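First up is the structure itself, then whatever we jot down about it.
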Amino acid sequence: MPTISYREALRQAMDEEMARDERVLLIGEEVAQYNGAYKVSRGLWDKYGDRRVRDTPITEGGFAGIGIGAAMTGLRPIVEFMTFNFSIQALDQIINNAAKMRYMSGGQFTLPIVFRGPNGPAAYLSSQHSQALAALFTHCPGLKVVHPATPYDAKGLLKSAIRDDNPVIFMEGELMYAWEGDVPEEEYTLPLGQADLKRTGQDVSIITFGKPLQTVTEAAARLEAEGIAAEIVDLRTLRPLDQATIRQSVQKTNRCVVVDESWPMCSVGSHVAWLVSNQCFDLLDAPVELVSGEDVPMPYNHTLELAALPSVEKVVQAVKAVLYLK
Amino acid sequence: MPTISYREALRQAMDEEMARDERVLLIGEEVAQYNGAYKVSRGLWDKYGDRRVRDTPITEGGFAGIGIGAAMTGLRPIVEFMTFNFSIQALDQIINNAAKMRYMSGGQFTLPIVFRGPNGPAAYLSSQHSQALAALFTHCPGLKVVHPATPYDAKGLLKSAIRDDNPVIFMEGELMYAWEGDVPEEEYTLPLGQADLKRTGQDVSIITFGKPLQTVTEAAARLEAEGIAAEIVDLRTLRPLDQATIRQSVQKTNRCVVVDESWPMCSVGSHVAWLVSNQCFDLLDAPVELVSGEDVPMPYNHTLELAALPSVEKVVQAVKAVLYLK
Amino acid sequence: MKAPARQAKEPDPLQLLKTMLLIRRFEEKASQQYGLRKISGFLHLYIGEEAVATGAIAAADLNRDYVVAAYRDHGHALAVGMDPKPLMAELFAKSTGCSRGKGGSMHFFDADRHFLGGNGIVGAQIPVATGVGLKLKYLDEDGVVLCFFGDGAIHQGAFHESLNLARLWNLPVVYICENNQYGMGTDFRRVSSITDYSKMAGSYDLPGSQVDGMDVLAVHQAVSEAIGRARREALPSLLEIKTYRYVGHSISDPATYRSKEELQQHKQQDPILILKNHMQEEHTLSEDDFKKLDAEAKAAVQEAVAFAESSPEPDLSTLYEDVLV
Amino acid sequence: MKAPARQAKEPDPLQLLKTMLLIRRFEEKASQQYGLRKISGFLHLYIGEEAVATGAIAAADLNRDYVVAAYRDHGHALAVGMDPKPLMAELFAKSTGCSRGKGGSMHFFDADRHFLGGNGIVGAQIPVATGVGLKLKYLDEDGVVLCFFGDGAIHQGAFHESLNLARLWNLPVVYICENNQYGMGTDFRRVSSITDYSKMAGSYDLPGSQVDGMDVLAVHQAVSEAIGRARREALPSLLEIKTYRYVGHSISDPATYRSKEELQQHKQQDPILILKNHMQEEHTLSEDDFKKLDAEAKAAVQEAVAFAESSPEPDLSTLYEDVLV
Ligand SMILES: Cc1ncc(C[n+]2csc(CCOP(=O)(O)OP(=O)(O)O)c2C)c(N)n1
Ligand SMILES: Cc1ncc(C[n+]2csc(CCOP(=O)(O)OP(=O)(O)O)c2C)c(N)n1
Ligand SMILES: [Mg+2]
Ligand SMILES: [Mg+2]
């Protein structure tokens with residue numbers, strides 16, 4: 001199996017789906033001639049031209065709405081946000097139009113549209129450019145929210161997202177673009193809404209998604225050295241949430257730590273932590289712990305920035321806490 | 001003590017604070033000549049004139065940003081959203097500017113600004129006009145979020161919000177505007193960040209805020225008739241959250257139901273439910289239950305609409321569930 | 001390549017009159033039914049403004065063209081040819097409503113007739129309509145989009161963002177500002193730095209013009225021309241159509257912000273009367289014809305009420321339907 | 001009432017030259033320090049554009065006037081008179097930085113000098129600046145706001161919403177579009193339906209004009225006039241100042257989207273050279289003078305680096321400070 005980057009996996013997914021279905025197009029800032037601010041769309045403009053790969057002005061609200069209108073009438077747009085920090089300007093279009101159009105029309109329209117781009121802090125970018133905003137979207141019915149953490153998942157899930165007839169928020173990560181992994185040469189898709197065990201273990205379930213998977217994986221290795229076998233549940237899709245896989249894991253381990261790099265309040269992390277607390281009440285040997293980003297805007301200084309994020313250390317400590325190891 | 005409406009309580013708060021401090025002004029759609037779409041600002045334009053009570057064009061993003069600039073340089077604007085449904089258009093200004101300006105300038109600016117208006121479903125307004133959006137704001141550090149449920153709380157908290165040097169999201173409710181309650185004639189303020197026991201009881205803690213307080217109060221009465229003594233914790237402020245009061249209550253009752261009319265995922269409700277699950281792990285005799293709005297956009301049909309909301313019936317059932325009464 | 005342009009449609013005054021009467025009577029009936037508590041929530045009526053949707057949409061060919069409106073959408077829904085029955089049923093929140101009782105007054109839709117709502121967020125439909133223009137261009141169809149929005153909506157950033165892109169990409173969209181003089185209780189002059197909105201077209205190198213919206217034939221003419229430009233040259237236009245609403249913003253608004261005189265003055269320019277007079281001058285309509293047409297409109301609307309009345313409520317299970325595919 | 005208008009400030013070419021040199025050398029040094037990994041993250045340099053912030057801000061009186069900028073803000077910070085030391089320290093993420101090491105390159109602020117940033121969201125500073133105009137008007141102060149934004153930002157709805165309100169309320173704001181020809185990798189003509197942005201003023205009944213942004217005296221002149229209108233008549237203006245950035249959008253951008261020839265051509269119009277030549281023609285500057293000024297600028301910047309280098313990192317506890325008052 002070839003080893004490719006997360007970036008290349010996304011590019012392949014878009015390329016294959018554009019080749020497969022002429023109604024798929026890509027719009028966003030710098031996606032065409034510049035090949036994407038993070039080069040995710042490299043080569044697509046060369047291959048598909050002005051019609052199907054479109055640079056837009058810097059008008060997130062406007063071009064998100066344009067994507068929605070196009071999706072309501074038969075196209076299958078992929079709308080790239082240069083980063084999800086800027087998607088807040090499009091949130092009204094996404095929450096009030098994309099997520100509700102089908103419902104309020106009594107099912108008359110489908111909205112096959114993907115909003116994608118990097119989410120979450122990269123490094124040294126300060127507060128306006130370092131936000132993990134999955135909760136804003138996961139809160140809202142009418143959307144699907146996907147947040148893959150490996151090249152394999154990214155490719156298979158993006159292909160499914162593009163084929164899905166619902167609005168899908170597809171969150172990537174600046175720092176993840178360079179991550180590498182095995183991706184089969186043959187075509188494949190992965191179903192939305194299924195979590196994946198990235199590691200099995202019987203001592204504790206660590207539930208996460210997106211970039212913190214790396215932190216969690218490192219933490220699991222460190223724990224293993226101390227004789228603690230962590231199971232890693234990678235949610236992959238945040239809405240709809242795969243509650244069955246979560247439950248199965250905690251049923252086995254009886255202990256759970258959730259790791260989410262966003263702010264703690266009203267986060268995907270705290271929601272999952274409540275779900276586990278509620279659904280596995282009789283099984284839990286310890287309270288469900290949440291390792292989240294600190295509850296502050298992100299500072300520029302890197303030492304502070306790292307302190308504001310989930311770390312291997314914090315995950316290890318949370319695991320020890322649920323195991324009642326000091 | 002005079003009995004006044006929630007609407008009048010808010011009006012009094014604004015009137016008193018405008019009289020007290022010339023830097024306080026009110027801006028928003030229809031706030032001046034029309035006296036507010038829901039008449040909350042009745043008489044203020046007559047009294048304070050064009051300078052201090054300003055009608056705006058329908059440009060939520062624009063006038064929210066204008067409020068922010070004015071607040072950074074010494075004014076204390078109250079920005080009314082006709083409803084919080086429309087605040088999503090201003091969310092970028094609120095999250096990226098209001099909530100972060102102080103932090104990213106290293107503490108150089110204060111942002112004494114209140115964004116207020118009705119939040120949550122009223123009746124028969126369909127999906128775009130019936131959203132309980134507290135979670136979007138509560139997620140974000142750099143903001144305070146207040147959601148009072150009685151005229152007394154509304155007045156005292158709005159006065160404090162206006163005097164606060166931080167950006168405060170102040171959420172009211174269309175259907176609450178007509179609610180009545182006792183409000184002292186003498187001036188008073190209430191501190192932000194303090195929950196309030198609206199009812200004491202030792203069998204179960206019901207934690208809620210905003211409009212569902214009425215539902216919860218009715219449910220408590222019904223439960224009382226069945227010999228179950230519910231304690232009602234009204235959060236009043238969602239950020240910062242009064243964790244101490246929550247804990248104290250659950251310490252006493254050992255059982256907890258959270259009621260929030262918003263969608264369940266990543267909600268204030270599920271966050272509080274996790275906090276209780278985590279912090280009161282050893283005390284809890286049952287899983288923390290969440291009664292939320294259903295996970296769907298709001299339909300117009302009233303029967304469906306009522307079915308989508310927390311109800312007395314649902315609260316009673318959740319309480320019985322945590323008491324292991326069938 | 002685009003198909004060779006078909007002939008611009010000649011206006012059919014009789015049909016225009018029928019549509020305007022149907023809208024007028026539908027709105028009056030809806031208002032009455034609201035009073036009887038058969039309808040609740042917001043109800044934004046189109047009385048006085050009938051000529052705008054009627055004249056504009058009659059200029060379109062809905063086999064290939066599209067219509068996008070705001071929440072004051074009853075007139076547009078009837079003008080695209082929707083049956084009053086599912087519309088009244090929607091207002092009654094019945095399962096037979098065009099949106100299954102989930103949308104209500106603000107959310108009329110008809111995918112088959114290319115009617116895309118019905119949007120409750122001021123200005124939010126403007127980018128959506130622009131996106132429909134993109135799909136037409138993308139699929140090389142020769143359709144055009146009519147995008148309606150209010151005098152209040154034009155200040156929204158969405159307007160600016162949309163028109164720039166429409167011109168840049170040459171999308172076949174006709175932007176129609178229905179200037180009924182008020183956004184809720186606010187005279188449009190109180191919230192605008194200019195009073196001739198058609199001038200805003202200059203920022204996007206687009207043709208812009210003002211149109212008398214009480215004269216359905218003038219509306220038809222202006223929109224036909226704009227459709228022609230869009231269809232043949234992929235050139236968007238901005239039209240400011242001046243009109244007036246006779247009733248409050250929504251049914252709960254007493255509209256005390258304007259004088260009786262002002263209202264009376266505008267009622268003298270009633271779009272139905274103007275067309276009726278015109279047709280009578282042209283001897284294409286007798287007083288009896290008119291009465292008959294009006295009676296037909298009233299009957300259709302009455303039937304719609306009966307249909308709505310007798311329709312079932314949506315089943316509780318539908319609460320969870322239509323969220324996702 | 002407003003205070004009687006003071007005299008518009010005469011430009012002081014020597015001071016303008018000093019400021020431009022300081023900006024140029026500061027930016028070059030920042031770029032070098034980035035290469036040495038002393039600075040990380042985004043770094044948007046102002047090289048080539050010095051005349052815009054310099055000329056414009058020199059026309060203001062910062063005791064009463066305000067400046068609001070986007071993320072390409074080093075030039076504006078220096079032009080308002082901020083010491084290069086806390087600026088370089090901010091880039092170095094040190095506790096002595098103007099924003100305590102929390103903001104970085106995009107978030108320079110100086111409340112005392114009325115410099116309000118430093119905003120990373122394209123266009124989001126335009127309403128904020130307009131709000132500062134509201135406070136000036138509200139408190140009946142005779143100040144003016146200079147609001148800077150890019151050619152990419154002008155399409156944002158926030159621009160449209162702000163200018164309408166500024167005119168409607170007659171707020172003393174000068175809107176300055178710094179058209180450096182590119183928004184990131186995009187030639188501004190590729191995303192705009194018009195190429196003369198000053199025409200957009202027409203939508204808001206405002207004066208609009210284009211200005212040569214490589215000629216600092218022309219910038220000073222145009223902005224002085226606009227400030228005068230704002231101060232005396234509370235009339236906002238829109239200026240499109242044409243300029244050019246010599247380096248990539250941010251330090252990581254190789255700027256392959258433009259030709260070497262294009263870049264060379266613009267460098268011939270270097271704002272520092274133009275002013276220098278002008279002063280030499282006027283015999284107010286010798287080559288030696290220039291060299292001395294340049295050496296001073298370099299020394300100041302070198303000192304700033306030394307200051308930044310030797311400053312302490314912020315304490316970990318500051319992570320939780322400045323969130324709320
Ligand atoms: C973004 C947003 N802000 C506010 C509202 C509340 N609102 C509903 S209609 C309306 C007035 C709109 O006026 P106009 O665009 O002139 O349309 P008209 O009602 O006159 O047809 C307002 C402010 C809304 N629905 N959406
Ligand atoms: C709302 C938003 N969208 C996208 C970006 C990413 N971005 C940063 S700078 C930039 C280009 C801005 O160009 P322009 O306004 O011309 O300013 P310049 O960089 O030329 O000074 C873009 C797209 C952003 N910061 N904010
Ligand atoms: Mg109107
Ligand atoms: Mg630029």
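Remember, it's a predicted structure, so these values are computed and weren't measured experimentally. Protein chains get the first letters and strands the later ones, always in sequence-line order, with residue 1 at the start of each.
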Toward chain D, the part of B:Ile58 with a non-hydrogen atom under 4.5 Å: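 Neither part, no heavy atoms under 4.5 Å.
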Find the one option among [options] whose heavy-atom pairs under 4.5 Å with chain B are most numerous.
options: D:Gly97, D:Gly120, D:Ala111, D:Gly104; answer: D:Ala111
options: D:Gly117, D:Pro314, D:Pro127; answer: D:Pro127
options: D:Ala158, D:Gly157, D:Ala124; answer: D:Ala124
options: D:Ala166, D:Gly101, D:Gly133, D:Gly131; answer: D:Gly131

Quick check for you: to the nearest 0.5 Å, what is the distance between D:Phe109 atom CZ and B:Met104 atom CE? 4.5 Å
At what distance, to the nearest 0.5 angstrom, does CG of B:Leu192 lie from CG of D:Leu324? 10.5 Å
For B:Gly142 versus D:Val323, what's the shortest heavy-atom pair and its separation?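 Nearest heavy atoms, B:Gly142 then D:Val323: N-CG1, 3.6 Å.
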Interchain contact, D:Leu168 with chain B, by part (heavy-atom threshold 4.5 Å):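 Just the side chain, heavy atoms under 4.5 Å.
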Segment of D:Leu163 engaging chain B (4.5 angstrom heavy-atom cut-off): neither
Sort out for me which of B:Leu111, B:Ile66, B:Leu75, B:Ile68 touches chain D most, counting heavy-atom pairs under 4.5 Å. B:Ile66
For chain D and chain B, what donor-acceptor pairs lie under 3.5 Å, backbone included?
| residue | atom | partner | partner atom | Å |
| --- | --- | --- | --- | --- |
| D:Cys98 | O | B:Gln108 | NE2 | 3.0 |
| D:Ser99 | OG | B:Met104 | O | 3.4 |
| D:Phe109 | O | B:Gln108 | NE2 | 3.0 |
| D:Ala111 | N | B:Gln108 | OE1 | 2.8 |
| D:Asn119 | ND2 | B:Asn97 | OD1 | 2.9 |
| D:Ala124 | O | B:Gln93 | NE2 | 3.0 |
| D:Ala124 | O | B:Asn97 | ND2 | 3.3 |
| D:Tyr138 | O | B:Arg51 | NE | 2.8 |
| D:Tyr138 | O | B:Arg51 | NH2 | 2.8 |
| D:Tyr138 | OH | B:Glu22 | O | 2.6 |
| D:Tyr138 | OH | B:Val24 | O | 3.3 |
| D:Tyr138 | OH | B:Arg52 | NE | 2.9 |
| D:Glu161 | OE1 | B:Gly62 | N | 2.7 |
| D:Leu319 | O | B:Tyr103 | OH | 2.6 |
| D:Asp322 | O | B:Tyr103 | N | 3.3 |
| D:Val325 | N | B:Asn166 | OD1 | 2.7 |

Can you find a pair of side-chain heavy atoms, one from D:Leu116 and one from B:Met72, that are under 4.5 Å apart? yes
